[in-house]
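Data first, discussion second: the structure below is written as structure tokens.
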Amino acid sequence: MTKFLNRLTLKTKLLGNSLLILLLFLLSSLYSIYAMTGIGDELNTIAYEDIPLTSVVTQITTHQLEQTILLEQAMRFGPDIEKQETEEQRFELAKERYDHLDKLIFGEFKEAEELVSEIIAHTDSQKVAQKFDSVRNLLTDIESQHGQFSDHAHKMFTAFKQGNPAKAFGLASQTEEEATKLNNELRGLLLEITKFTENSVIIAKAHEDTALKTVVILTSVSIAIGLLASLYIATGIIKGLNKAKLTASGDLTQEIISDSDDEVGDLLNAMNGLRKKLLNMIAQISTTTSELASASEEMSVITSQTSEKIAEQKLETEQLATAMNEMSATSQDVATNIS
């Protein structure tokens, strides 16, 4: 790995370091988007599916309880509808409100079933689809039970109007049992949907925690890799500068060895070549200086010898001059004597 990195240029290292950091941050950002999308899907499930379904089932439960209360009112007013006009009016009002609630509950069952079908159609989780399929089956079963309950309630209303309170009370006992069962079934269904909502919240929270931890880890790794890569590049540059400073200070004895092929390595190789040339030049100058010193000594010897020769010649010349003078004097004496 080190050999491979040493072959890269400084520009490539810097660009690679920047690209690596950007890539890690991009990976972190993409994961964050992915995680936030998952959390958003869970929250959308809660906001647009679980909560509306809970609201509809709550309305069904509330209206079912209201119907039970209206049945109790009808049983209280029913026996006296033929005797008192006021009781008959109250009975009819209770029946009218019961019928109105019956229509509302029928529509609410349809709305709840459509919501469940929509959840199943849009979910990507097989587990969620199975859970809501069971909810749909429960809704269908409860709707069927409510239909039987409503049918018996209308028969009770008819028995009271026909003046047959014994039959009406017999049907009332049956409807009370059915109402109790329906209320328990609706509470169970509501509890089941509430559990789904709580589970969605837990999953969203788990996704949030996981996403946060992953983003922190990716960010930390990005920073660590960036610092290590920057430290590696900076260390290589500083080592090269230190070697260059050592040579620049005048120490040519230390060979500059570079183990990288980047710009810093090229600079160190060039400086090492310059160092070798300087050493060769110094060696040549030293050799030339030695030769000049030898030549100078030889010239000094020759000069000394020449000076000695000149002195000898001067002495001989002076002796010759003296001899010439003596010969001239002798010649004059001879001439005088001849005269």
Side-chain angles (χ1 to χ4, degrees), residues 48-120 131-197:
Y48 298 108
E49 295 174 356
D50 290 356
I51 292 177
L53 182 59
T54 302
S55 177
V56 172
V57 175
T58 301
Q59 290 175 358
I60 294 173
T61 305
T62 302
H63 292 157
Q64 170 65 30
L65 291 172
E66 289 179 3
Q67 280 187 321
T68 304
I69 294 171
L70 290 171
L71 283 177
E72 292 177 354
Q73 291 177 357
M75 285 188 292
R76 188 169 69 250
F77 303 139
D80 298 325
I81 59 175
E82 294 182 354
K83 300 176 182 178
Q84 299 181 20
E85 185 176 350
T86 305
E87 297 297 313
E88 183 179 2
Q89 290 175 353
R90 291 176 177 175
F91 178 84
E92 290 296 334
L93 180 60
K95 181 178 181 301
E96 182 179 345
R97 290 176 62 188
Y98 179 91
D99 291 338
H100 175 69
L101 290 173
D102 216 26
K103 292 178 181 179
L104 288 178
I105 290 174
F106 177 77
E108 287 162 356
F109 269 117
K110 295 301 179 186
E111 183 181 355
E113 290 171 359
E114 289 176 359
L115 281 171
V116 173
S117 297
E118 186 175 352
I119 292 172
I120 294 173
K131 286 183 178 180
F132 277 97
D133 189 55
S134 66
V135 169
R136 181 168 57 185
N137 293 334
L138 282 173
L139 274 172
T140 303
D141 184 56
I142 293 172
E143 184 180 13
S144 176
Q145 293 181 35
H146 181 268
Q148 295 176 4
F149 164 77
S150 183
D151 183 57
H152 293 152
H154 282 99
K155 287 181 179 179
M156 185 194 72
F157 288 135
T158 302
F160 275 123
K161 293 185 71 173
Q162 291 176 350
N164 191 352
K167 181 180 179 182
F169 281 115
L171 290 169
S173 177
Q174 185 176 359
T175 54
E176 285 180 359
E177 293 178 359
E178 292 172 343
T180 301
K181 184 179 179 182
L182 272 173
N183 291 332
N184 291 334
E185 293 280 351
L186 286 169
R187 287 194 186 95
L189 178 60
L190 194 59
L191 180 62
E192 190 73 15
I193 297 172
T194 303
K195 287 181 180 179
F196 291 163
T197 305

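Model, not experiment: these values are computed from the prediction. The first residue of the sequence shown is numbered 1, and numbering continues consecutively from there.
In terms of heavy atoms, T194 sits closest to L190 at OG1-O, 2.7 Å. Across all non-hydrogen atoms, the minimal contact from E192 to V135 is CG-CG2, 4.5 Å. Closest non-hydrogen pair, Q73 versus A94, comes out as OE1-CB, 4.2 Å.
Here the rule is side chain to side chain contact (heavy atoms under 4.5 Å, CB included) with I60, and of E143, E111, E108 only E108 fits it.
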**Asked** side chain to side chain contact (heavy atoms under 4.5 Å, CB included) between F149 and Q67: does it pass, once the steps are laid out?
**Response** CA-CA 10 Å; F149 164 77; Q67 280 187 321; 3.9 Å; yes

**Message:** Set out, in order, the CA-CA distance, both residues' side-chain angles and the distance that settles salt bridge (charged side-chain N to carboxylate O under 4.0 Å, His left out) for E66 and R97, then state yes or no.
**Reply:** CA-CA 9 Å; E66 289 179 3; R97 290 176 62 188; 5.7 Å; no

**Request:** Walk me through it: do E178 and K181 pass the test salt bridge (charged side-chain N to carboxylate O under 4.0 Å, His left out)?
**Result:** CA-CA 5 Å; E178 292 172 343; K181 184 179 179 182; over 6 Å; no

**Asked** For E87 and F91, what are the C-alpha separation, side-chain angles and deciding distance, and is it a side chain to side chain contact (heavy atoms under 4.5 Å, CB included)?
**Response** CA-CA 6 Å; E87 297 297 313; F91 178 84; over 6 Å; no

**M156 and F169: CA distance, side-chain angles, deciding distance, side chain to side chain contact (heavy atoms under 4.5 Å, CB included) verdict** = CA-CA 7 Å; M156 185 194 72; F169 281 115; over 6 Å; no

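The side-chain heavy atoms of H146 and D102, taken from C-beta on, include a pair separated by under 4.5 Å. Using a 4.5 Å cut-off on side-chain heavy atoms (C-beta onward), Q148 and Q174 make no contact. Counting only heavy atoms from C-beta outward, the side chains of F109 and I142 approach each other to under 4.5 Å. The shortest side-chain heavy-atom distance between S117 and F132 does not fall under the 4.5 Å cut-off. The shortest distance between side-chain heavy atoms of K167 and F160 does not fall below 4.5 Å.
Judged purely by atom type and a 3.5 angstrom limit, S144 has no side-chain atom pairing as donor or acceptor with the backbone of T140.
Comment: E88 does not engage K161 in a salt bridge, judged by the lack of any side-chain N to carboxylate O separation of less than 4.0 angstrom. Between K103 and D99, none of the side-chain N atoms (NZ, or NE/NH1/NH2) sits under 4.0 Å from a carboxylate O, so this pair counts as no salt bridge.
The environment of CD in E96 is sparse: at most 12 heavy-atom neighbours from other residues, nucleotides or ligands sit within 6.0 Å.
Between H154 and F157, the angle of the ring planes goes over 60°, which puts this pair in the perpendicular group of the 30/60° scheme.
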